[in-house]
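Quick note: residue numbers are just sequence positions, from 1.
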Amino acid sequence: MKPRSNSSATSAKAQLVAELREQLHRFRGARRATDRSPFSTGCSPLDRLLPGDGLSRGGLVEWLAPTQAGGTTWLALVAAREACRRHGPLVVVDGQGTFYPPAAARAGIDVERLIVVRALAARDESWALDQALRTGGVGAVLCATARLGQRAMRRLQLAAEASGGVGLLVRPASVRGEPCWAESRLWVESRVGTAGRRLSVEVLWTRGTVAEELTAARSLELEIDDETGVMRAVARLAPAAARAPGA
């Protein structure tokens, strides 16, 4: 019995490798991202919930949500825009085949400095993330995925630490109880808003912060204007029973 041929899979992997190498080649000479100072999330109220008033280079950031709809990927795109300032292009590893480049442009990302890698196989997705994070000329790497296990996350953490890069990962709610290899883990849920989209954002974890410090003060609600993409913090109403009569 003849062994099953895997020539098609090998050819696809070789093409992916060639394409990624070709796209990254022009950034090889870029300044290596050694600056580990915090960068903004693109939203000042959210920055104030984080140590150092922002996110850190040289690590991973996780955005967890019950669904990717409702603005979670938008938050990650805006943070990617800030991470790429003076630090090279954005690499999007699209393992679902659903990434929409005009959304990145609307978030203020220069599409001339945007690399989209289509990696539909789980192994290719993990490999592309690792390679992009290890490239010093890359400003940030973004991926929405539900396929990364603990070993893959550890490899990505080490890759980001080695290059000073930033990995922005949009992941499902199911990983919330798993060990965290990221510098920051945020929880995002949709809320009903009067205009645009409203999100509740909670800081679940930041490296170096003890659990007792993660209180209600580490969360806020944001409203996203659907026309402009501008985000603003909105005040939360007190429960009806707690309001003063006539309030």
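Here the side chains of Leu186 and Leu64 are not in contact, with every heavy-atom distance at 4.5 Å or above. You'll find the side chain of Arg118 reaches within 4.5 Å of the side chain of Val116, heavy atoms only. Counting only heavy atoms from C-beta outward, the side chains of Val230 and Ile224 never approach each other to under 4.5 Å. Within the 4.5 Å cutoff, side-chain heavy atoms of Leu142 are placed close to those of Leu90. Annotation: side chain of Cys143 is not in contact with side chain of Phe99 (no heavy-atom distance under 4.5 Å). No side-chain heavy atom of Glu202 sits less than 4.5 Å from a side-chain heavy atom of Arg218. In this structure, the side chains of Arg185 and Trp63 stay at 4.5 Å or more apart for every pair of heavy atoms. For the pair Val92/Leu114, a side-chain contact is recorded, criterion being any heavy-atom separation below 4.5 Å from C-beta on.
Residue pairs meeting the side-chain hydrogen bond (donor to acceptor under 3.5 Å, both in side chains) criterion with at least one member in residues 41-50, sequence neighbours excluded, are Ser40-Asp47, Thr41-Asp47.
Nearest approach of Gly97 to Leu120, heavy atoms of both residues: N-CD2, 3.8 Å. In plain terms, the two heavy atoms of Pro89 and Gly137 that are nearest each other are CD-O, 3.1 Å. Across all non-hydrogen atoms, the minimal contact from Phe39 to Ala79 is CE1-O, 3.7 Å. For Ala65 against Val188, the heavy-atom pair with the smallest separation is CB-O, 3.3 Å. What you find for Cys180 and Trp205 is that their closest heavy atoms are SG-CD1, 3.3 Å. Taking every heavy atom of both residues into account, Ala152 and Ser126 meet most closely at CB-OG, 3.9 Å.
The backbone N or O of Thr98 sits less than 3.5 Å from a side-chain atom of Asp94, completing a donor-acceptor pair. The main-chain N or O of Glu161 is never found under 3.5 Å from a side-chain atom of Arg57 such that the two would form a donor-acceptor pair. With Ser184 contributing its side chain and Thr206 its backbone, the two residues share no donor-acceptor pair below 3.5 Å.
Residues passing the side chain to side chain contact (heavy atoms under 4.5 Å, CB included) test with Arg147, sequence neighbours excluded: Ala122, Glu125, Thr145. Every residue two or more places apart in sequence or in another chain that forms a side chain to side chain contact (heavy atoms under 4.5 Å, CB included) with Glu183 is listed here: Arg207. Residues meeting the side chain to side chain contact (heavy atoms under 4.5 Å, CB included) test with Arg81, sequence neighbours left out: Val78, Arg85, Ile109. By the side chain to side chain contact (heavy atoms under 4.5 Å, CB included) test, Ala103 pairs with Leu77, Tyr100, sequence neighbours left out.
Within the model, atoms CD of Glu189 and OG of Ser200 stand 6.0 Å from one another, a figure rounded to the nearest 0.5 Å. One distance of note links OG of Ser190 with CG of Leu199; it measures 5.5 Å at 0.5 Å rounding. In this structure, CG in Leu222 is found 10.0 Å from CZ in Arg232, a value given to the nearest 0.5 Å. A distance of 6.0 Å separates CH2 in Trp181 from CD in Gln157, rounded to the nearest 0.5 Å. One finds the CZ atom of Arg176 at 4.5 Å from the CG atom of Leu204 (value rounded to the nearest 0.5 Å).
For the pair Arg155 and Trp127, the cation-pi test (distance below 6.0 Å, angle within 45°) is failed.
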Chi angles and distances behind the side-chain contact (heavy atoms from CB on, under 4.5 Å) call for Trp74, Met231: CA-CA 10 Å; Trp74 177 259; Met231 296 182 287; 4.3 Å; yes
Verdict with supporting geometry, Val93 and Asp124, side-chain contact (heavy atoms from CB on, under 4.5 Å): CA-CA 10 Å; Val93 178; Asp124 292 345; over 6 Å; no
Pair Leu55, Leu50 - check side-chain contact (heavy atoms from CB on, under 4.5 Å), show working. CA-CA 7 Å; Leu55 299 168; Leu50 297 163; 3.7 Å; yes
Apply side-chain contact (heavy atoms from CB on, under 4.5 Å) to residues Val141 and Val166 and explain how you reach the verdict. CA-CA 6 Å; Val141 182; Val166 179; over 6 Å; no
Which pairs would a plain distance check flag for residues 167-174, meaning a side-chain donor or acceptor within less than 3.5 Å of a matching protein atom at least two apart in sequence or in another chain?
from: Arg171; atom 1: NH1; to: Glu62; atom 2: OE2; distance (Å): 2.6
from: Arg171; atom 1: NH2; to: Leu148; atom 2: O; distance (Å): 2.9

